[in-house]
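As the structure is a computational prediction, the values presented were derived from the model and not from experiment.
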Amino acid sequence: MDFIRMFWQCLSAQWKELLINGEGPCARHSHSMLAYGSRLYMFGGYNGEKALGDLYTFDVHACLWKKEDIAARSPHARFSHTMFLYKNYLGLFGGCPVRQNYQELSLLDLQLHIWKHVKLNYVCKELFVRSTANVVDDDLIMIGGGAACYAFGTKFSEPVKINLSSVPLMSLDDCNIPPEMGEKLVTHHYEGVTGEKNVNFQALELGNTQTLTESSDFNSEAKHPVNDGHQMAASHWVVELDKKYAKFGKDILKKFGWLHLGRKPHQQEDGKRICFPVTEKFCAIFQEKQLHSGGESEGLNTIDLSKPYTGGVLLDETSCATALHFLKECGATKQMDEAVEVKRAPKSPFKAMTEAVASLIEQKGLSARLLEQLPSRWERLGDIVVLPVTSFKDPVWDSIGGELWPAVAKILNTSHLARQGRVAPTGTRDSALEILVGDNGWVKHCENGILYSFDATKCMFSWGNLSEKLRMARLDCKDEVIVDLFAGIGYFVLPFLVRAKARLVYACEWNPCAVEALKHNLQANSVSDHCIVLEGDNRFTAPKGVANRVCLGLIPTSENSWVTAVQALRSEGGTLHVHGNVKDSEEKLWAEHVSKSIYEIARSEGHRWEVTIEHIERVKWYAPHIRHLVADVGCRQIQT
C-alpha cells in the first residue's frame, strides 16, 4: 500500500498523484511523521495487530521510500507517540505501550545516523499518549495526552517542559572523560509548565544510553536530596557509629543520599555500635574530607552532641562538609563488612521469560528475532494465565512447545497456561482460547464478590467491561424486572441480581456452552430463583412489555436487537443500556443516531415516548481511536 498517493502543489492549488518507488511501509495508523530537508521521516504506528518500531524516509524529490537501518539500539515499538526536531536531532517521546517505570526520550542524530536514548524517571507517572510536542528554543514542551484504563478511568498528562540543552547528546566515546571517573554526572532541570516545580537530575552515561535519576549533589545544600539509585556493590562499606549517635548518623546519611538502600543496617555483637551500609561515593568523599579538612566546620556548635538527639535539628541548613564533620565528631568509622548481604532486586517475570526463552532458542539454533514476539503483559483468568493473541505467533514456536510452554508456565507461576485467540466471528461469540499447559480450560473467577465459572476454551470472558459491571452493580434495581438480551455467562445478569438486587432478570443467550455456564453461575451465587434463562435468538425468545430496563451488552454493535429491546420495555417506558464501539471523533453522531433510532422504533411500535440520552459511559479504548461506549437511553411516556 502506498502511503503518499497525492501531493498538494501550493502554487497551482492542485492535487497531483505521485508514482512511488522503493520499499514502502505497511498499512498503519497512529504513526508519527515530520519533514527534515527534502525528506519525510515516519516512525512506528499500529498495523491492526501490534505496535511497530520501524523507521522509514520518503525523498520528496525522488519519490522514493526507504526503510532506514540505523546504528545502535532502535527505540521500542510504539504508536500514538510524538516526534519533534531539535537542531540536527529527530526526537521520539511517549506513546503506547506505556512504560511503567520510566519514560524514554529517543534521539536520532540526523548527521551521524545513530540512535541515542535517555531514560526519564521523573516523568514516569505521566501518560504521554497523543501528546503534542513543540520545541521552543532549547525546551521541549509537552501538552495534553493521556489514556483510558479498563478499570481506572481516564488519566490526562500534566504539561511538562524538558530542557534539551542539558540532555547529554554525545556517547562516552565522544566525551573526554578521565579514566578515574567511572561515570559522568550532568545536571538537568525539569519545570512543570503550570507550576514552579524544579528538580535536579543526574545522567549516568553508558555508551549511547543515559539513565536519568534524581540527584544528590554532595557539595550542595539541597533541601530535599534523595538517594541516587546507582549504588555500587563491588565492596560492602559501612559506617560504624556508637548506638547513642545512631539516629543522628542515619538521618545525616539519608539526608545526603549516602545510605545504601540495598542493604540493611545491623548491630555489632557487643550491641554498642551500629553499622550503616553506605555507597562508594560516600566513601570517596568521606576520605577526601578527612584528608583535606582544616579548622572547624561551619555551624558545628549548633548541635550539642553531649545531649540525646531527637531528630531533625537544623539538618536542612547543614552543608555537606558540616555533616561529615558531625559524623567525625560522633566517632564514625568507615570499614569493610563482608558479612552484609546485598538485597537483590527480583527479576521481573518478563525479564526472566526473555532470558529463559533466549537461552532455549539459542540452544535450538533459532533466530533471535523471535524474541520480538514475547508478550510484555498477560491476563490471569482464575488459575489460568492467558497470553495475548499477538504473542508467539510464528509456527516455529510449536516445534519447541514441549520445552517452551512448561518453562513459561513456571516463570509465570501457573499450572495452566493458555493463549488467547480471536473471538469467533459467529454470533455465538465462541472462545478461541488454546490451552498450552494444563488438562482443561474450566476456570473459576471471582470479581466484585461474584463467582464466574466457565470453560474458557468454549466461552469468552470480557475483561474490559469491569467498570461497567461495577456501575450496573451500584444501581438500585430492587423492584425492577430486567431483560438482558446478550447474557453470556452472566456478565451483567449476576451484578443485577447479586448486587443491584433486581426482582427478576430474563437472560437471553444462544450459545449452548454459555447457557450451561450461566445456569451453573446462577446456582453458585444463589440467585437462580430470580432468573429465567431463555435459550435461542433473542429476537424470538425475549419477552415483551415486561422490562424496567434492558441491557444490550454486545459490541461492536447491538443495533440488530434495538427493536427487540423497545418491545421488551413496559408500555410506560424504561431505560436501555446500549453498548457500541465508536470512533472517538464520532461519539456525538453515534449518540444522535441511537436516540433518533430508538425514538423512531418506539413510534412504529405505537409508543408516545420522549427518548433522551441520559448518560454516556466511556468504558474503555477498544482499539486506537475506537472507544467502547454505553448509552443510557431514557424512554419516558409523554403525559397527555
Side-chain angles (χ1 to χ4, degrees), residues 422-432 445 447 450 452 454-456 458-473 475 477 480-498 500 502 504-522 527 530-544 546-569 574-582 590 594 597-598 601 617 619-620 622 628-633:
R422 299 193 183 280
V423 176
T426 61
T428 54
R429 298 177 291 172
D430 300 314
S431 172
H445 175 70
E447 187 177 272
I450 299 172
Y452 296 89
F454 57 98
D455 187 340
K458 298 178 181 178
C459 304
M460 61 160 285
F461 184 83
S462 178
W463 290 92
N465 59 18
L466 173 59
S467 61
E468 182 63 9
K469 285 184 280 188
L470 293 173
R471 189 172 76 96
M472 293 296 101
L475 296 175
C477 303
E480 291 187 355
V481 174
I482 299 172
V483 173
D484 189 337
L485 294 179
F486 306 97
I489 65 170
Y491 310 112
F492 295 104
V493 170
L494 295 173
F496 280 136
L497 289 170
V498 177
L504 179 66
V505 175
Y506 291 91
C508 303
E509 178 55 48
W510 67 0
N511 182 338
C513 297
V515 170
E516 178 187 0
L518 172 61
K519 292 179 178 179
H520 180 277
N521 294 333
L522 291 170
V527 290
H530 297 275
C531 183
I532 298 175
V533 178
L534 302 172
E535 185 173 357
D537 190 330
N538 60 40
R539 290 170 291 186
F540 305 108
T541 63
K544 298 181 179 180
V546 301
N548 298 93
R549 68 179 70 237
V550 179
C551 182
L552 298 100
L554 178 67
I555 54 175
T557 179
S558 59
E559 190 163 357
N560 287 339
S561 293
W562 288 359
V563 172
T564 304
V566 170
Q567 292 173 344
L569 288 176
T575 301
L576 305 179
H577 300 290
V578 181
H579 293 236
N581 286 345
V582 185
W590 179 77
V594 171
S597 299
I598 299 299
I601 293 171
E617 184 72 14
V619 180
K620 69 163 186 173
Y622 186 78
H628 177 183
L629 302 179
V630 180
D632 295 345
V633 185

Residue pair [X] / [Y], side-chain heavy-atom distance below 4.5 Å:
X    : Y    : value
L485 : T564 : yes
L576 : W562 : no
R549 : F496 : yes
N511 : V515 : no
V533 : L518 : yes
F486 : S561 : yes
I482 : Y506 : no
L497 : C531 : yes

Looking just at side-chain N and O atoms, do H577 and D632 make a donor-acceptor pair shorter than 3.5 Å?
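Yes - a donor-acceptor pair under 3.5 Å links their side chains.
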
Do any N or O atoms from the side chain of [X] and from the backbone of [Y] form a donor-acceptor pair under 3.5 angstrom?
X    : Y    : value
N521 : I489 : yes
E617 : V619 : no
E535 : W510 : no
N581 : I555 : no

Could you tell me the separation between the [atom1] atom of [X] and the [atom2] atom of [Y], rounded to the nearest 0.5 Å?
X    : Y    : atom1 : atom2 : result
L504 : C477 : CG    : SG    : 12.0 Å
K544 : Q567 : NZ    : CD    : 4.5 Å
L494 : E447 : CG    : CD    : 10.5 Å
H579 : T557 : NE2   : OG1   : 12.0 Å
L534 : I532 : CG    : CD1   : 7.0 Å
L569 : T575 : CG    : OG1   : 8.0 Å

Can you list everything that forms a side chain to side chain donor-acceptor pair (under 3.5 Å) with W590? Sequence neighbours excluded, please.
none

Does NZ or CZ of K469 lie under 6.0 Å from the centre of the six-membered ring of Y452, at an angle within 45° of the ring axis?
yes

What one should report as the nearest heavy-atom pair of L475 and A500 is O-CB, 3.3 Å

Please give me the minimum heavy-atom distance between A487 and A507, naming the atom from each residue.
CB-CB, 3.7 Å

